[in-house]
Number of protein chains: 2
Amino acid sequence: MSPETPASAIQVIDRAVALIDALAREPGPASLKILSAETGLHPSTAHRILAALSEHGLIDRDSANLYRLGPRLLEWSGRVSAGQDLRQIARPVMEWLRDQVGESVNLTLREGDQVVYVERAIPNRMMRVEQVIGSRAPLHVTAVGKLMLGEAGADATKEYARRTGLRAYTVNTRAKAGTLQKDIDTSRARGYALDDEEAELGVGCIGVLIRDASGAAVAGLSVSAPMERRQTAWIPLVQEAGRRISARLGYQPPAA
Amino acid sequence: MSPETPASAIQVIDRAVALIDALAREPGPASLKILSAETGLHPSTAHRILAALSEHGLIDRDSANLYRLGPRLLEWSGRVSAGQDLRQIARPVMEWLRDQVGESVNLTLREGDQVVYVERAIPNRMMRVEQVIGSRAPLHVTAVGKLMLGEAGADATKEYARRTGLRAYTVNTRAKAGTLQKDIDTSRARGYALDDEEAELGVGCIGVLIRDASGAAVAGLSVSAPMERRQTAWIPLVQEAGRRISARLGYQPPAA
DNA sequence: CAATACGTTTCATAATGTGAAACATTAAAA
DNA sequence: TTTTAATGTTTCACATTATGAAACGTATTG
């Protein structure tokens, strides 16, 4: 089984997840042989589990006995996230923001010590920043991640720093707890965060938080652009987009 | 367990799928009690399976012990479908088509005797046709479905008619094998299909097939609009969009 | 046509998941 | 606050369940 796959108390589920994962990693459809080799499972075992998953539409098999991920996953993914269907609500606003700034717009959720990219709107340009949906990044190297750390409080940030070691991805990464905390505080105070080539050289971001009716930060919205194109004039636009999505989730900003 | 949930050779997988399904059906996050009641599983069993699924990020649980679907499903859903990432390739073209015609654009896959809606682009209008991602419709009442039946040949259509009984959804539904076959033949000949209020009164569609490098029809693209707004002038636009997506999948149209 | 490779089924085996019951924790009521 | 109820969690003896080696089909290839 892949080293990154965690182990749970139920073997079959670990194996089923490993198989689906292997299938997701494959560029195209995959045969039983490939999948059993990839996961280290006995072909017989792999075959039985794959048959069970097919039964439920999680995976499809064509007439050539090649497996691919099934549409049932789409059905489920449409229901992922905070209560309401955040992605469907966010989509039109994200497209609006993308058209305003002409750069990539991403929607992220916090998942442990990382942010996960769950939705995106990409401009039609030759050079652009492109995140893969489902991919992850550490909290301390993304604009939205820093705001999420700010939500959890300074103690949680210290905990995070201890746990992760604040690995530096570029020379600009806030790799010291003090620098990071200062950045977080100013970001939180002004209501938006920047990422100045902290995750990857040449890429800059502007991020804000999305809140639901309870006031909790349920997601983040950000614009990612090549550093030399990024403009401070976009900040109010990003904030406006964030407000629109939050409003549609029922968020009531506290009276000023 | 829910009546619609099929049974496979592996009990745990059936139960895990039933639990995720139950979670997907809930409007918001759900407790262990609700989920075990919903699936008929012993709380202890449900708890163990949910813990295993959490371990893999398929579901999340918050501090109040409420479960919700996890972002790992998004990661997988991004990889669903034919070989390459069809949805990501189709998305910009779908948005283009939506802006051209000002109506909803859908991307569908065939799944057994149904089409599944896997991606959509929705216009910003008050009245519009809106499909839920992951939802299904019978082949014989959709434009794309009829083209897919045409791909499989007249015998397969006869089989389909026998199997399903060609249930009529409106007065316009092609509920007789002869009528359906005639419609399929003309649609196939001209390279696009119409749905004239055959699934729902007041809704009309224009659909085309998407082909990959091997020439196989891997998906369908359609515009759905209120019947009184639908225009024949859109047909070449839909065809153009279909051609663009097919081209990006490596499809080479046969020399004329 | 033979040979090989891949997919599928069988079946004895024990490892695996099960669920009743005891325990822990949280929320509500007194 | 203390008591009670309700929900969530862990344990553990048990047998059901998933396992995988091997035998059997069935395409694919030389």
Side-chain angles (χ1 to χ4, degrees), chain A residues 1-2 5-23 26-70 83 214 216, chain B residues 1-2 5-23 25-70 83 214-216:
Chain A
M1 212 159 312
S2 326
T5 311
S8 75
I10 302 183
Q11 197 189 54
V12 206
I13 289 182
D14 295 348
R15 293 176 164 184
V17 170
L19 282 167
I20 298 178
D21 251 344
L23 205 48
E26 291 295 323
S31 68
L32 171 64
K33 192 185 184 199
I34 290 175
L35 292 174
S36 65
E38 195 73 26
T39 54
L41 293 173
H42 193 281
S44 162
T45 305
H47 176 261
R48 191 162 6 92
I49 295 175
L50 289 168
L53 294 173
S54 294
E55 201 70 44
H56 293 287
L58 299 189
I59 59 181
D60 273 347
R61 41 183 315 195
D62 56 25
S63 46
N65 288 330
L66 294 176
Y67 295 93
R68 55 190 77 213
L69 296 182
S214 74
Chain B
M1 216 159 310
S2 331
T5 312
S8 76
I10 302 183
Q11 197 189 52
V12 207
I13 288 182
D14 295 346
R15 293 176 164 183
V17 170
L19 281 167
I20 298 177
D21 251 343
L23 205 48
R25 271 197 306 272
E26 292 295 324
S31 68
L32 171 64
K33 187 171 187 216
I34 290 176
L35 293 173
S36 65
E38 195 73 27
T39 54
L41 293 174
H42 193 281
S44 162
T45 306
H47 175 262
R48 189 160 11 91
I49 295 175
L50 289 169
L53 294 173
S54 295
E55 200 69 44
H56 293 287
L58 299 189
I59 60 181
D60 274 347
R61 41 182 314 192
D62 56 25
S63 47
N65 288 330
L66 293 177
Y67 296 93
R68 57 189 77 213
L69 297 181
S214 73

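Since this is a predicted model, take the numbers as computed values, not measurements.
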Kindly compute the distance separating [atom1] ([X]) from [atom2] ([Y]), expressed to the nearest 0.5 Å.
X     : Y     : atom1 : atom2 : answer
A/L53 : A/I20 : CG    : CD1   : 5.0 Å
A/T45 : A/L19 : OG1   : CG    : 9.5 Å
B/I13 : A/I13 : CD1   : CD1   : 7.5 Å
A/L50 : A/N65 : CG    : CG    : 11.0 Å

Taking side chain as C-beta onward, heavy atoms only, is B/R15 less than 4.5 Å from B/T39?
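A side-chain contact is absent here, since even the closest heavy-atom pair is not under 4.5 Å.
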
Residue whose closest nucleotide on DNA chain C lies nearer the 5' end, A/V12 versus A/P43:
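It is A/P43, whose closest nucleotide lies nearer the 5' terminus.
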
Which sits closer to the 5' end of DNA chain C, B/H42 or A/I34, going by the nucleotide each is nearest to?
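On the 5' side of the pair lies A/I34.
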
Counting distance alone, no hydrogens or angles: does the base of C/dA20 have a donor or acceptor under 3.5 Å from a partner atom on the side chain of B/S44?
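Indeed, a donor on one side and an acceptor on the other fall under 3.5 Å apart.
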
Decide yes or no, distance alone: a donor-acceptor N/O pair under 3.5 angstrom between the base of D/dG20 and the side-chain of A/R48.
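By the distance-only test, yes, there is a pair.
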
Between [N] ([atom2]) and [X] ([atom1]): distance, integer Å:
X     : N      : atom1 : atom2 : result
B/L41 : D/dG8  : CG    : P     : 14 Å
A/L32 : D/dA27 : CG    : C1'   : 14 Å
B/L66 : C/dT26 : CG    : C1'   : 13 Å
B/I49 : D/dA18 : CD1   : C1'   : 14 Å
A/L35 : C/dT8  : CG    : P     : 12 Å
B/I10 : C/dG17 : CD1   : C1'   : 12 Å
B/E55 : C/dG17 : CD    : P     : 14 Å
B/D14 : D/dT17 : CG    : C1'   : 12 Å

Examine [N]: is either OP1 or OP2 under 4.0 Å from a nitrogen or oxygen in the side chain of [X]? Give yes or no.
X     : N      : result
B/R15 : D/dT17 : no
A/T45 : D/dG20 : yes
B/H47 : D/dG8  : no
B/N65 : D/dT9  : yes
A/Q11 : C/dG17 : no

